[in-house]
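The model shown is predicted, which means the values in this text are computed figures rather than measured ones. Here is the naming used below: chain letters follow the sequence lines, and residue numbers restart at 1 for every chain.
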Amino acid sequence: MNAENIRVRFAPSPTGYLHVGGLRTALYNSLFARGHGGTTVLRIEDTDRSRYVEGAAENLIETLAWAGITFDEGPEQGGDFGPYVQSERTALYREHAERLLAEGKAYRCFCTSEELAASRERQVAEKKDPTYDRRCRMLSEEEVAAKMKAGMPHTVRMKVPLVGQMQFRDLVRGDISVHYDVIDDQVLLKSDGYPTYHLANVVDDHHMEITHVIRGEEWLPSTAKHRLLYEMFGWDPPQFAHLPLLLNPDRSKLSKRQGDVAVEDYRTKGYLPEALVNFVALLGWNPGGDRELFTLEELQEEFSLERVGKAGAVFDIEKLQWFNTQYLRALPPEKLAEICEPWMREAGFDTIDRERTQAVATALSSYLTLPSDITTHIELFTQDAVTLDEESREITAAPESQQVFQRFIEVAETQEPWKGEEIKTMVKTIQKDTGVKGKKLFMPLRLAMTGQQHGPDLGMIAELLGRETVIERIRRRIL
RNA sequence: GGCGCGUUCGUCUAGCGGUUAGGACACGGCCCUCUCAAGGCUGAAACACGGGUUCGAUUCCCGUACGCGCUACCA
C-alpha cells in the first residue's frame with residue numbers, strides 16, 4: 001500500500017450526541033491516517049430522515065474538535081470529493097442503483113414494510129429464520145412494469161447469490177468468510193428514494209477513494225454484503241479493519257442506561273479531553289510495554305492496526321478517573337486555575353485575584369479527580385467563620401492547645417514573611433517554646449483555622465487565609 | 001434459532017512453544033507526614049473447559065461452554 005495515498009473516513013450519523021465508541025473510532029481512524037501521512041475525511045451519514053436531529057452534525061464536529069480530532073476533508077472545510085453529507089448525494093446513489101438494476105444485479109421490490117414485518121413475525125412464530133422470501137426477485141418484467149405504471153412505491157434490493165461464500169481478510173481479525181445463503185437480499189434504495197447505509201457507504205467510499213475502512217465490530221457481518229457490492233460494481237474494495245466493541249460493566253454493548261456514553265457528558269463533568277482520549281485509545285489497543293500516558297501526538301506515533309485487540313473492552317470509569325487525575329495534576333497552575341474557576345465561583349469563591357485563585361487551586365489539586373471536586377474542598381477558603389463540633393471543641397480547649405494558641409499569637413504578629421514555609425518554621429519554634437509537638441501541636445491550630453481535622457499543608461493554609469484571619473480565628477479559641 | 005466474532009487477575013492489558021505469567025486501575029498493608037490527599041514500596045488476584053500436535057503448551061489445531069454482535073425500507 002502506498003502510504004502517501006491512505007484515505008480514511010469517520011462516518012457518523014447525526015442522531016444526537018457523540019458516543020464514546022464513536023470517539024474511539026474517529027480517533028483510531030485519525031491516528032492511523034495521520035501516522036502514515038494520509039488523509040482523514042468526515043462524512044455525515046444522514047440517510048435516515050426519521051432519526052435526523054437538527055444541529056447534531058455541528059455538535060459532532062465541535063465535540064470531536066474539543067477532543068483534538070479534526071479532519072482534512074468534510075462538510076465544513078470541503079474537499080475534492082464532496083459533498084460530504086449523504087443527503088446531498090442522493091442522485092449518485094440512485095444512479096448506481098439504476099445501474100445495478102440495468103445489469104440484473106438488483107431488482108425492484110414492491111413489498112411494503114407492513115407485509116415484511118408480518119412475514120417476519122410469522123417466521124419467528126414458526127421458529128423459522130426470519131429472512132426475506134425474495135418473492136419480488138421472481139417477478140416478471142411485465143409484472144414489474146405494471147406495478148411501476150400503477151405508481152406502486154418500491155425499494156431496490158441487491159441480488160445476493162444463492163450459493164457460494166464471500167471471503168475476505170480483516171486487518172484486525174484475519175480471514176473471515178460468510179455464506180451467501182444466510183445473507184438477505186439487502187435493500188439498497190428505500191422507497192423514499194434515500195439509500196440504505198449499505199449502498200451509500202460503498203458508493204461513497206469508492207468515490208471518495210477511501211483506502212481503509214476502520215469501523216466498529218457491529219459492521220463485521222454486513223461487510224460481506226459490502227464486498228459483494230464492490231464486486232457488482234467492478235470496483236476494488238478498500239481494506240477493512242473492525243474494531244472491538246466498547247462494553248458496559250456487564251459486558252453488553254456500551255449503552256445509555258448503564259452510565260454516560262456521550263462524550264458531551266464527560267466534557268460537562270469536567271473530564272479533560274487529553275484524559276478521555278488517552279483512556280479511550282487504550283481500550284482495544286496498546287503499544288506494548290508498560291507506558292500508559294500518551295499525548296495525542298505520541299499516540300499517533302505509536303498507533304498501528306496490528307496491535308488492535310479482538311475482544312471487547314469494558315469502559316471502566318474508575319480508570320478514566322485515574323487518567324483524569326494524572327492529567328489534572330500535570331497541569332501548570334495557571335491552566336489548573338483556569339479549568340477550576342467556574343466551579344470555584346459556583347461554590348462562592350471570589351476568583352478576581354488571579355494569583356490567589358491559582359494558589360488555592362494548586363493547594364487543593366491533590367484532592368481532585370475532576371475539577372468540579374474542588375467545590376467540596378473550597379469551603380476551607382470561603383467560610384466566613386469556623387464552627388467546631390463537640391469533639392473539636394474539646395481538642396482546642398485542652399491546656400496544651402491553649403498554650404500553643406497563646407504562643408502562636410505572640411509570634412504570628414511579627415512573623416515575616418507570612419509565607420507557607422516560614423510559617424511552618426515558626427510553628428516549629430512554638431514546638432520548642434511550649435514543648436507541645438506533633439499532632440497535639442498541629443491539630444488544634446488546624447481546627448482553629450479551618451474547623452476541620454484534615455486538609456492541605458497547614459503552612460500553606462495559613463498563608464492563603466492571611467495573617468489577620470488566622471490570628472483572629474485562633475484568638476477566638478482562647479478561653 | 002441461524003450466522004459471525006471473541007475468551008490471560010474484578011477491570012484495561014503484556015505475552016507471539018520453555019517466563020517465579022509482567023504492568024496499570026480498583027482493593028489491602030507499610031513508608032512518608034500534623035492530618036487527609038498525593039507519592040513511594042509491597043500484598044492478594046488470571047491463562048474458561050476438554051481433546052489433540054509437540055520433548056514441552058497461556059501461546060498452534062479441533063471441539064464444548066460461555067459472552068457479545070448481526071440477523072430493519074437504523075446506522
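Note on I176(A): only backbone sugar-phosphate atoms sit closer than 4.0 angstrom, heavy atoms only; bases stay farther off. Residue contacts shown for Q453(A) include a base, since a base heavy atom lies under 4.0 Å away. Heavy atoms of R173(A) sit under 4.0 angstrom from primed sugar atoms or phosphate atoms, though from no base atom. Here N201(A) lies out of heavy-atom contact (under 4.0 Å) with every strand. Nucleic acid contact class of K253(A) (heavy atoms, under 4.0 Å, all strands): sugar-phosphate only. Heavy atoms of L458(A) sit under 4.0 angstrom from at least one base atom. T15(A) comes within 4.0 angstrom of nothing in the nucleic acid, heavy atoms only. G216(A) comes within 4.0 angstrom of no nucleic acid atom, judged by non-hydrogen atoms across all strands.
Not counting sequence neighbours, the partners of N29(A) by the side chain to side chain contact (heavy atoms under 4.5 Å, CB included) test are V8(A), T25(A), I214(A).
Within the structure, a side-chain polar atom (N or O) of R307(A) is placed less than 4.0 Å from OP1 or OP2 of G15(B). The phosphate of A75(B) has OP1 or OP2 within less than 4.0 Å of a side-chain N or O from T47(A). OP1 or OP2 of A14(B) has at least one side-chain nitrogen or oxygen of N286(A) nearer than 4.0 Å. Proximity of R49(A) to the phosphate of A75(B): no side-chain N or O atom is located under 4.0 Å from OP1 or OP2. Here K190(A) reaches the OP1 or OP2 of C74(B): one of its side-chain N or O atoms lies under 4.0 Å away.
Contact detail for V213(A) and R9(A): the closest heavy-atom pair is CG1-NH2, 3.6 Å.
Between the side chain of S366(A) and the base of A37(B), at least one donor-acceptor pair of N or O atoms lies under 3.5 Å. On a pure distance criterion of 3.5 Å, a polar donor-acceptor pair joins the side chain of S191(A) and the base of C73(B). Looking at R446(A), its side chain comes within 3.5 Å of the base of C34(B) through a donor and an acceptor atom. With hydrogens and angles ignored, a donor-acceptor pair under 3.5 angstrom links the side chain of K319(A) to the base of A24(B).
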Could you give me the CA-CA distance, side-chain angles and deciding distance for Y132(A) and Y107(A), then say whether ring-ring contact (aromatic ring centres under 6.0 Å, His included) is met?
CA-CA 14 Å; Y132(A) 175 55; Y107(A) 60 94; 7.0 Å; no

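In terms of position along RNA chain B, the nucleotide closest to G289(A) lies nearer the 5' end than the nucleotide closest to the other residue of the pair P153(A) and G289(A). Judged by closest nucleotide on RNA chain B, D129(A) is the one of Q186(A) and D129(A) placed further toward the 5' end.
For K159(A), the NZ atom sits in a packed shell: over 12 heavy atoms of surrounding residues, nucleotides or ligands are nearer than 6.0 Å.
For L245(A), taking side-chain heavy atoms from C-beta onward, the closest of the listed nucleotides C12(B), C5(B), C68(B) is C68(B). Looking at the side chain of R51(A), the nearest of the listed nucleotides G10(B), G2(B), C74(B) is C74(B). Nearest nucleotide to the side chain of V178(A), out of C73(B), C70(B), C3(B): C3(B).
Taking the six-membered ring where the residue is Trp, F110(A) and H154(A) present tilted rings, their angle falling between 30° and 60°. By the 30° and 60° cut-offs, the orientation of the rings of W219(A) relative to H226(A) is tilted.
For C25(B), the base is not stacked against the aromatic ring of W322(A), per a cut-off of 5.5 Å between centres and 30° between planes.
The ring of H96(A) has its center closer than 6.0 angstrom to the ring center of H207(A).
Relative to the six-membered ring of Y28(A), R24(A) meets both conditions, a distance below 6.0 Å and an angle of at most 45° to the axis.
Shown for residues 110-121 of chain A: residues whose heavy atoms fall under 4.0 angstrom of RNA chain B, namely C111(A), T112(A), S113(A), L116(A), R120(A).
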